[in-house]
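Presented below is the structure to which this report refers.
Side chains are part of it too, since the values below use all heavy atoms of this structure and drop only hydrogens, waters and symmetry mates. All ligand and atom numbering here is 1-based and tracks the order in the structure.
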Amino acid sequence: MAGLSRRIFVLGGLGAASATTLSTVAAAASPYPFKLGIASGEPAPDGVVLWTRLAPSPLNSDGLGGMTSADVEVEWQVATDDRFAKVVATGKTTARRDEAHSVHVEVGGLPADADFFYRFRAQGHISAVGRTRTAPALTAVGRDLIMAMCSCSAWQDGYFTAYRRLAEDRPGLVLHLGDYIYEGGAGKGPRRHVGGEIMDLAAYRRRYAQYKTDPDLQAAHAVAPWLVVPDDHEVENNYAGLVPQNSNDNDIFAARRAAAYRAYWENMPLRKEQKYTATGIPLYRRVRWGKLANFHMLDTRQFRANQACGDGWQNCKDADLDTRSILDTLKSGARPQEQWLLDGLAEKTATWDFLGQQVFFARRLGPDGKSSMDGWDGYRASRARIQAGFVERGIRNPIVLTGDVHKAWGNDLKNDYRDPGSAVIGTELVTTSIASGGDGDDITTVPDQSTNPHLKFHSRRRGYIRNPITAGQVRTDFRTVDKVTEHGAPVKTAGSFVIADGKPGLQKA
Ligand code: FE
Ligand code: CA
């Protein structure tokens, strides 16, 4: 922050008078613009993305949060302490109206594997302080890492207590695996969406703004950097590529999806590299965490073939078709995302290979032999190719991370699901919802266990998963809360497992 002392920066948040040296002086009496909180994401060995979005009136129906059309200068600071006595990086950026006055600052030049604090200033106001960290150098294992994972945070179904409990666990990295917002109308739960089903850019922007006013969600963003991928509800339930769920949407769906992707990027701590284009959003990417872990973040919605046999639970031959992929729209037989994943796994740069993705990966049969056409059971050739890739490339520790189903599962991945004696070749952790589905119940019996002996854990409560990761093991704690229809339930651990280095599958902790 050239020419601006730290003291002025700090005092500037306390009143208009001390902001006189700043160009923002005229706006010092403006309302507080940081009501959507702050966030960080995409940690690298030398930096991280810092995010905020200015919105003094978050629920305005134009989706612009009470901002005028003017661009606004936003200053940012990174320090090694939360009082900002040791500032290590500062800068200025512009919050632009055509990005809904969001900012995505890609900070570089920071030391690897270190903790930092950050904050913003705009219009004479200072934001809340967030904690973030850089990844270890590519040649280092680095410190142990607590990774927390979550999904399916339906505002209208309950309070975000699970986000608060996740923040209290002080993770070093948070994965959100989709359904960060829901697209429907008001809902019938303990609190309501503003507005009807969201269809256009203004409505998507306002929906994100409403969610981001939640203090528990803000706490979860402020505790650590996030890695995010969207699932279906950021656009529309169970859409596939450019095929909407509701055929009434056929004519407008391409425009609706583009608006949804645009609002997603505006509201997430993503890099410019992931910015929406006229036709899509380049989201699948690899984030390296030194020699400890790789996070392969997948997109199983944007390119997938339409669900087989009309979606839902089916006994469906088409689910086996080689020509259908959940990762790619096939073009002259090429599967770019799948090839990118297999090539990245083959590099073997880290002990643990996490696949951060959206929908249920392991085979799961219902009592009648049917399976869900929206998950990898509906794209069995895709799953077979990825699993064969694990085996053929000798991937030591593949762990698939999943959301979507609003229940927690812990699964062994099998070379051949029909053969109980077949080798375990990987592990899947499925996080329950933050709020979707309401309180749930205490049943923990694995459904249809006789046809699914590789499914080892099940819980129907809301919550998240906490994974302390070391070079020797990944520990998995399934964290649950008994109530989301009232705010503030305590958290407990419903089950704990260990995945040992070189030994795929879940062992009781
Ligand atoms: Fe969901
Ligand atoms: Ca979903």
Side-chain angles (χ1 to χ4, degrees), residues 149-163 166 174-185 187-189 191 193 197-198 204 207-208 210-211 214 217 220 228-241 243-246 249 256-257 260-261 263-264 268 281 283-284 297-304 306-307 311-313 326-327 355-362 364 371-379 400-409 428-440 458-465 480-481 484-485:
M149 50 187 277
C150 59
S151 75
C152 295
S153 27
W155 171 285
Q156 78 284 12
D157 280 3
Y159 294 94
F160 290 167
T161 307
Y163 273 144
L166 179 157
V174 176
L175 268 61
H176 197 294
L177 299 171
D179 295 356
Y180 185 99
I181 58 163
Y182 281 71
E183 81 281 18
K188 299 193 176 86
R191 55 184 186 170
H193 283 147
E197 179 159 350
I198 51 178
Y204 281 104
R207 186 59 54 85
Y208 280 102
Q210 183 179 16
Y211 276 55
D214 185 281
L217 173 56
V228 300
V229 281
D231 189 27
D232 52 341
H233 288 287
E234 286 89 347
V235 181
E236 186 202 32
N237 182 48
N238 281 22
Y239 82 96
V243 181
Q245 179 186 45
N246 182 345
D249 273 5
R256 182 182 185 182
R257 195 184 81 158
Y261 286 166
Y264 185 76
M268 293 293 147
I281 185 166
L283 278 176
Y284 67 81
M297 306 302 290
L298 307 185
D299 182 343
T300 63
R301 283 285 164 198
Q302 187 173 189
F303 310 108
R304 64 159 68 186
N306 197 12
Q307 288 91 349
D311 206 356
W313 282 69
I326 196 169
L327 292 177
L355 280 61
Q357 60 95 45
Q358 295 81 6
V359 292
F360 211 91
F361 186 86
R364 184 185 154 210
S371 54
S372 169
M373 292 298 103
D374 192 53
W376 290 75
D377 272 326
Y379 303 81
V400 179
L401 309 175
T402 303
D404 184 53
V405 288
H406 308 171
K407 294 174 185 70
W409 299 78
E428 180 180 23
L429 306 174
V430 183
T431 185
T432 184
S433 60
I434 290 288
S436 308
D439 292 337
H458 182 60
S459 161
R460 297 159 60 92
R461 287 296 190 195
R462 308 290 80 84
Y464 58 97
I465 298 178
T480 60
V481 295
V484 294
T485 51

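Between the side chain of Y211 and the backbone N or O of Y182, at least one donor-acceptor pair lies under 3.5 Å.
Nearest N/O/S atom of D404 relative to the Ca ion (ligand 2): this is OD1. Of all N/O/S atoms in D179, OD2 sits nearest the Ca ion (ligand 2). Nearest N/O/S atom of D231 with respect to the Ca ion (ligand 2) is recorded as OD2. Nearest N/O/S atom of D179 relative to the Fe ion (ligand 1): this is OD2.
Of all the heavy atoms in E428 and V359, the pair that sits closest is OE2-O, 4.3 Å. Taking each heavy atom of L401 and M149 in turn, the nearest pair found is CD2-SD, 3.7 Å.
Figure legend: cation-pi geometry between R364 and F360, with NZ or CZ positioned under 6.0 Å from the six-membered ring centre and within 45° of its axis. Relative to the ring axis of Y264, R301 does not place its NZ or CZ within 45° and under 6.0 Å from the centre.
Metal site remark for the Fe ion (ligand 1): H406 contributes an N, O or S atom at a distance under 2.8 Å. Metal site remark for the Ca ion (ligand 2): D232 contributes an N, O or S atom at a distance under 3.0 Å. Residue side and main chain included, Y182 places an N/O/S atom under 2.8 Å of the Fe ion (ligand 1). Look at D232 and the Fe ion (ligand 1): no N/O/S atom of the residue is under 2.8 Å from the metal.
S153 and Y163 share a donor-acceptor pair across their side chains, judged by distance under 3.5 Å alone.
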